[in-house]
Amino acid sequence: MTTTSDPTAPGILADDLQHAVRLSLAALRGAASATTAAEWQRPAGGLTWSCWETVEHLADDLFAYAAQLGLDAPALGTEVPFLWERRREGGPANVTYADPKAGTAGLLQVLESCGALLTAVVRTVPADRRAYHCFGLSDAEGFAAMGIVETLVHTHDIATGLGVPFHPPAGLCGQVLTRLFPGAPTDTDRWATLLWATGRGELPARERLTSWRWFAAPRAEGEAVTDLTV
């Protein structure tokens, strides 16, 4: 079945992104108070990165989105040329890293700061601003939605690795599914569907995704979608 994004659906705001980051921080700070530093070196869910590395990756995603969208004349065919480096083979390639000496409290402060940067940029850039993402040119709403997805699913990864619960509200999950995953089913649990759409879970009568993508283009400019795989 071919579907397209619903242009009449409520838009995603900077406040929604801020809410997602605060949900993540609440869950992860709660976990930090009940875990040791060594436990943050466990794998984050099904990832090969540690919980610590996954927080760094999430923070770096939010930072990079802010940097990409914040230019007065953003590049439309490439990313801002920061130097991306891996601290170990197989680890995430980041621009930003947390100082290990600051502990998990410092790590989560880095996440909060990068989330605040993207929230501020989304809140202030003009509506017609477009910037590059590998899954399509996007606007402020799209970068907010991408930031929310990154925040929710990577918090899930980290929470799974630490053995703590994380279950974001259905409404927030539904907003980003509508904006970024227009081919996703609409009659299933929203959080379970977002995990399925990002290759992290299963849905009844549907195969688990082994590759996936989202569609970053603004809804009015989006293409018809038949497949969520890369």
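Heavy-atom minimum distance, A59 versus C114: O-CB, 3.2 Å.
Residue pairs meeting the ring-ring contact (aromatic ring centres under 6.0 Å, His included) criterion with at least one partner in residues 94-122, sequence neighbours excluded, are absent. Pairs of residues two or more places apart, or lying in two chains, that qualify as ring-ring contact (aromatic ring centres under 6.0 Å, His included) and include a residue from residues 56-86 are W49-H57, H57-H154, F63-F82, Y65-H133, Y65-F143. Evaluation of the salt bridge (charged side-chain N to carboxylate O under 4.0 Å, His left out) test over residues 84-112, restricted to residues two or more places apart or in two chains, returns R29-E112, E53-R88.
A search for salt bridge (Lys or Arg N to Asp or Glu O under 4.0 Å) contacts involving E56 returns nothing, not counting sequence neighbours. With sequence neighbours left out, the side chain to side chain contact (heavy atoms under 4.5 Å, CB included) criterion links P169 to H19, L23, L172. Residues passing the side chain to side chain contact (heavy atoms under 4.5 Å, CB included) test with T124, sequence neighbours excluded: none. Scanning for salt bridge (Lys or Arg N to Asp or Glu O under 4.0 Å) contacts around E39 gives R42, with sequence neighbours left out. Judged as a side-chain hydrogen bond (donor to acceptor under 3.5 Å, both in side chains), and not counting sequence neighbours, the contacts of S24 are T155. When the side chain to side chain contact (heavy atoms under 4.5 Å, CB included) test is applied to T160, the partners found at least two apart in sequence or on another chain are H156. By the salt bridge (Lys or Arg N to Asp or Glu O under 4.0 Å) test, R22 is found to be paired with no residue, residues two or more places apart in sequence or in another chain being considered. Partners of Q41 by side chain to side chain contact (heavy atoms under 4.5 Å, CB included), not counting sequence neighbours, listed by chain and number: S50, W52. Taking D60 as the reference, nothing meets the salt bridge (Lys or Arg N to Asp or Glu O under 4.0 Å) condition, with sequence neighbours excluded.
At least one side-chain heavy atom of D15 sits under 4.5 Å from a side-chain heavy atom of R123. Residues D157 and R200 form a side-chain contact, since some pair of their non-hydrogen atoms from C-beta on lies under 4.5 Å apart. Side-chain contact check for L117 versus V121: every heavy-atom pair is 4.5 Å or farther apart. Under the 4.5 Å side-chain criterion, counting only non-hydrogen atoms from C-beta, V95 is not in contact with L83. Side-chain contact between W40 and I158 is present, with heavy atoms from C-beta onward closer than 4.5 Å. Looking only at side-chain heavy atoms (C-beta outward), L203 and P185 come within less than 4.5 Å of each other. Between D16 and L13 there is a side-chain heavy-atom pair separated by less than 4.5 Å.
Taken from CD in E141 to CG in L17, the straight-line distance is 12.0 Å, to the nearest 0.5 Å.
A salt bridge links R179 with D139; the closest basic N to acidic carboxylate O contact falls under 4.0 Å.
Ring pair F181/W212 is tilted by interplanar angle, where 30° to 60° counts as tilted.
For T188 and R190, the side-chain atoms include at least one donor-acceptor pair closer than 3.5 Å.
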